[in-house]
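Only a predicted model underlies this, so the values are computations on that prediction, with no experimental measurement involved. When a residue number appears, it is its place in the shown sequence, counting from 1.
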Amino acid sequence: MYKGGLRSGRGACSSIPPTHVTDTPRGRFTEPKKVPKRMASLLEMKEIFRNADAVCFDVDSTVIREEGIDELAKFCGVGDAVAEMTRRAMGGTVTFKAALTARLGLIRPSYEQVQKLISDNPPQLTPGIRELVNRLHQRGVQVFLVSGGFQSIVEHLASQLNIPTANVFANRLKFYFNGEYAGFDETQPTAESGGKGKVITHLKEQFHFKKVVMIGDGATDMEACPPADCFIGFGGNVIRKQVKEKAKWYITHFDELLKELEER
């Protein structure tokens with residue numbers, strides 16, 4: 001028995017009709033089918049961003065300065081080994097689920113360790129993210145956190161940014177009744193490569209969003225476009241070579257996006 005989840009391409013793109021459906025506790029997630037599409041110009045991408053219905057942010061190394069799983073690994077005494085696995089996962093050289101399984105298998109965090117990490121060493125917000133989220137909210141834009149990190153940590157961040165917990169999509173750790181690690185919920189779309197695209201497809205179908213933007217630092221963020229209509233690569237905390245080379249729009253500070261919103 002376990003305690004449930006812990007409180008617990010390139011350029012702009014368009015959504016594609018679903019080809020596969022997965023049932024999860026959060027609902028039915030469709031697996032986007034990717035087909036060739038004309039690449040939008042940088043000016044067109046900026047226009048999409050300024051008129052977005054929703055903006056989805058990656059969390060680790062984007063909304064926050066750290067990789068949450070690396071910080072958890074350090075806290076549990078296996079930091080170096082897990083950091084190398086994270087670099088491979090974010091670079092796209094191994095599947096995300098394989099990397100997540102291997103890293104958690106090394107860390108084996110207890111419920112108490114995760115809670116203590118949040119209370120004693122909370123994640124640090126990236127400069128400019130609070131102002132950017134506030135500005136998006138003022139414009140009536142829905143903001144989502146779509147992360148391969150852990151629900152409890154991401155919900156803590158969401159509360160700081162006035163983002164509803166319903167707008168958080170992340171992985172859920174499982175624990176036995178004595179608090180020991182019992183695995184993670186593998187049915188969550190964010191537990192695998194391509195999962196962020198499934199979340200965005202789900203959001204478009206549920207809320208009828210016409211323009212959705214994905215912002216993040218890693219390969220799993222870039223591959224979410226399509227179905228996202230625009231991908232913005234972020235290198236303000238760490239630069240992933242593959243993302244920097246392939247992203248048509250690449251920024252290193254959130255002030256760049258704030259300035260875009262002031263254009264109108």
Evaluate the ring planes of Phe209 and Phe144, with Trp represented by its six-membered ring, and classify them as parallel (under 30°), tilted (30 to 60°) or perpendicular (over 60°). perpendicular
Can you name the nearest heavy-atom pair linking Trp249 to Glu260, along with the distance? CZ2-CG, 3.9 Å
Side chain to side chain contact (heavy atoms under 4.5 Å, CB included) partners for Arg130, two or more places apart: Leu125, Asn134, Gln160, Leu161
Does Lys259 pair with Glu262 as a salt bridge, N-O distance under 4.0 Å? no
Judged by atom type as modelled, is there a donor-acceptor pair below 3.5 Å linking the side chain of Thr126 to the main-chain atoms of Val63? yes
Would you say the side-chain atoms of Arg139 pair up with the backbone N or O of Arg50, donor to acceptor, closer than 3.5 Å? yes
Applying side chain to side chain contact (heavy atoms under 4.5 Å, CB included), can you list everything that pairs with Pro127, at least two apart in sequence or on another chain? Arg65, His253
Nearest heavy-atom pair of Pro227 and Lys204: which atoms, and what distance? O-NZ, 3.0 Å
Going by the rule salt bridge (charged side-chain N to carboxylate O under 4.0 Å, His left out), which residues pair with Lys116 if we only count those two or more places apart in sequence or in a different chain? Asp120
If I compare all heavy atoms of Ala191 with all of Asn171, which pair ends up nearest, and what's the gap? N-OD1, 3.1 Å
Mind checking salt bridge (charged side-chain N to carboxylate O under 4.0 Å, His left out) for Lys211 and listing every partner two or more places apart, or none if nothing turns up? none
Using the rule given for salt bridge (Lys or Arg N to Asp or Glu O under 4.0 Å), can you reason through Lys196 versus Glu223, listing the C-alpha separation, both sets of side-chain angles and the distance that settles it, and then say yes or no? CA-CA 8 Å; Lys196 292 179 180 180; Glu223 70 182 7; over 6 Å; no
Contacts of Thr101 meeting side chain to side chain contact (heavy atoms under 4.5 Å, CB included) (sequence neighbours excluded), chain-then-number -> Lys97, Phe184
What are the two closest non-hydrogen atoms of Glu66 and Glu71, and how far apart are they? CB-CG, 3.6 Å
Applying side chain to side chain contact (heavy atoms under 4.5 Å, CB included), run through Arg135 and Phe254 and close with a yes or a no. CA-CA 11 Å; Arg135 187 72 183 104; Phe254 288 125; over 6 Å; no
Salt bridge (charged side-chain N to carboxylate O under 4.0 Å, His left out) with Asp60: which residues, sequence neighbours excluded? none
Pairing of Asp53 and Lys210 as salt bridge, 4.0 angstrom limit: no
Hydrogens and angles aside, do Asn237 and Ser61 bring a side-chain donor and acceptor to less than 3.5 Å of each other? no
